[in-house]
Amino acid sequence: QVQLVESGGGLVQAGGSLRLSCAASGRTFSTYNMGWFRQAPGKEREFVAVIDRSGSRTYYDDSVKGRVTISRENAKNTAYLQMNRLKPEDTAVYYCAADSGVVPLRTVRHYEYWGQGTQVTVSS
């Protein structure tokens with residue numbers, strides 16, 4: 001029911017910043033909790049951040065807390081992930097995902113819709 005398209009990835013030096021965007025289709029964007037996940041080669045997809053449908057609650061994985069900010073602009077059907085002070089360990093494909101549940105969750109299995117991902121590469 002919703003299509004997600006990530007953008008904003010690329011190559012950045014360690015210590016730099018990137019702002020990822022997730023554009024969603026449809027008129028029901030505001031009904032979804034929006035999450036960001038990432039997956040490095042040979043690794044499982046892991047939670048990064050989530051924001052509830054109103055934008056009032058956010059949660060972050062401890063590995064990125066303090067460096068990452070998730071936000072959304074419902075009028076534009078877009079979620080964002082601002083990443084600062086990037087580290088080589090942040091290198092991964094970043095995915096946005098939508099969840100229609102009552103509360104924002106942090107596990108892959110609860111998310112119904114996924115984008116195709118955008119590559120983030122942090123060099124040192």
Legend entry - Set of salt bridge (Lys or Arg N to Asp or Glu O under 4.0 Å) partners for R19, sequence neighbours left out: none

Legend entry - Non-neighbouring partners of T107 that pass side chain to side chain donor-acceptor pair (under 3.5 Å), sequence neighbours left out: H110

Legend entry - Donor-acceptor contact below 3.5 Å, side chain S25 vs main chain Q3: yes

Inset, instruction - Taking all heavy atoms of A98 and all of L4, pick out the closest pair and write down the distance. - result: N-CD1, 3.8 Å

Inset, instruction - Please write out which residues are connected to L105 in a hydrophobic cluster, directly or through intermediates, given that two of Ile, Leu, Val, Met, Phe, Trp, Tyr count as joined at side-chain heavy-atom separations below 4.5 angstrom. - result: V102, V103

Legend entry - Validation row: V108, W114 side chains within 4.5 angstrom (heavy atoms): yes

Inset, instruction - Using the test side chain to side chain donor-acceptor pair (under 3.5 Å), find all partners of T121 that sit at least two apart in sequence or belong to another chain. - result: Q119

Legend entry - Donor-acceptor contact present, side-chain N33 to main-chain R53, <3.5 Å: yes

Legend entry - Taking every non-hydrogen atom, the tightest pair across S21 and T78: CB-CG2, 4.3 Å

Inset, instruction - Measure the spacing between CZ of R57 and CG of D52 and express it to the nearest 0.5 Å. - result: 4.5 Å

Inset, instruction - Please name the pair of heavy atoms, one in S71 and one in I51, separated by the smallest distance, quoted to 0.1 Å. - result: CA-CD1, 3.7 Å

Inset, instruction - Output the distance between atom CG (L86) and atom OG (S123), rounded to the nearest 0.5 Å. - result: 10.5 Å

Legend entry - Rounded distance (nearest 0.5 Å) linking atom CE of M34 with atom CG of N77: 9.5 Å

Inset, instruction - List the atom of S30, the atom of N74, and the distance in Å for their closest heavy-atom pair. - result: CB-ND2, 3.6 Å

Legend entry - Whether Y60 side chain and I70 backbone form a donor-acceptor pair below 3.5 Å: yes

Inset, instruction - Taking all heavy atoms of N84 and all of S17, pick out the closest pair and write down the distance. - result: OD1-OG, 2.9 Å

Inset, instruction - Kindly work out whether a path of hydrophobic side-chain contacts (I/L/V/M/F/W/Y, heavy atoms less than 4.5 Å apart) joins V68 to Y95. - result: no

Inset, instruction - Could you check if a side-chain atom of V50 sits within less than 4.5 angstrom of a side-chain atom of D99, using non-hydrogen atoms only? - result: no

Legend entry - Listed once per pair and sorted, the salt bridge (Lys or Arg N to Asp or Glu O under 4.0 Å) pairs that draw on residues 106-115, sequence neighbours left out: none

Inset, instruction - Return the minimal non-hydrogen interatomic distance between A79 and F29, and the atom names on each side. - result: N-CZ, 3.9 Å

Inset, instruction - Check whether any side-chain heavy atom of L20 sits under 4.5 Å from a side-chain heavy atom of E6, and report yes or no. - result: no

Inset, instruction - With the side chain counted from C-beta on, respond yes when M83 and V12 share a heavy-atom pair under 4.5 Å apart, and no when they do not. - result: no

Indicate every side-chain donor-acceptor pair of residues 36-49 with a distance under 3.5 Å to a residue at least two apart or in another chain.
{"unit_1": "W36", "atom_1": "NE1", "unit_2": "Y80", "atom_2": "O", "d": "3.4"}
{"unit_1": "R38", "atom_1": "NE", "unit_2": "E46", "atom_2": "OE2", "d": "2.8"}
{"unit_1": "R38", "atom_1": "NH1", "unit_2": "D90", "atom_2": "OD1", "d": "2.9"}
{"unit_1": "R38", "atom_1": "NH1", "unit_2": "Y94", "atom_2": "OH", "d": "2.9"}
{"unit_1": "R38", "atom_1": "NH2", "unit_2": "E46", "atom_2": "OE2", "d": "3.4"}
{"unit_1": "Q39", "atom_1": "OE1", "unit_2": "R45", "atom_2": "NE", "d": "3.2"}
{"unit_1": "Q39", "atom_1": "OE1", "unit_2": "R45", "atom_2": "NH2", "d": "3.2"}
{"unit_1": "Q39", "atom_1": "NE2", "unit_2": "K43", "atom_2": "O", "d": "3.0"}

Inset, instruction - For R67 and R85, indicate whether the former's side chain and the latter's backbone hold a donor-acceptor pair under 3.5 Å. - result: yes

Legend entry - Main-chain N/O of Q1 paired with Y113 side-chain donor or acceptor, under 3.5 Å: yes

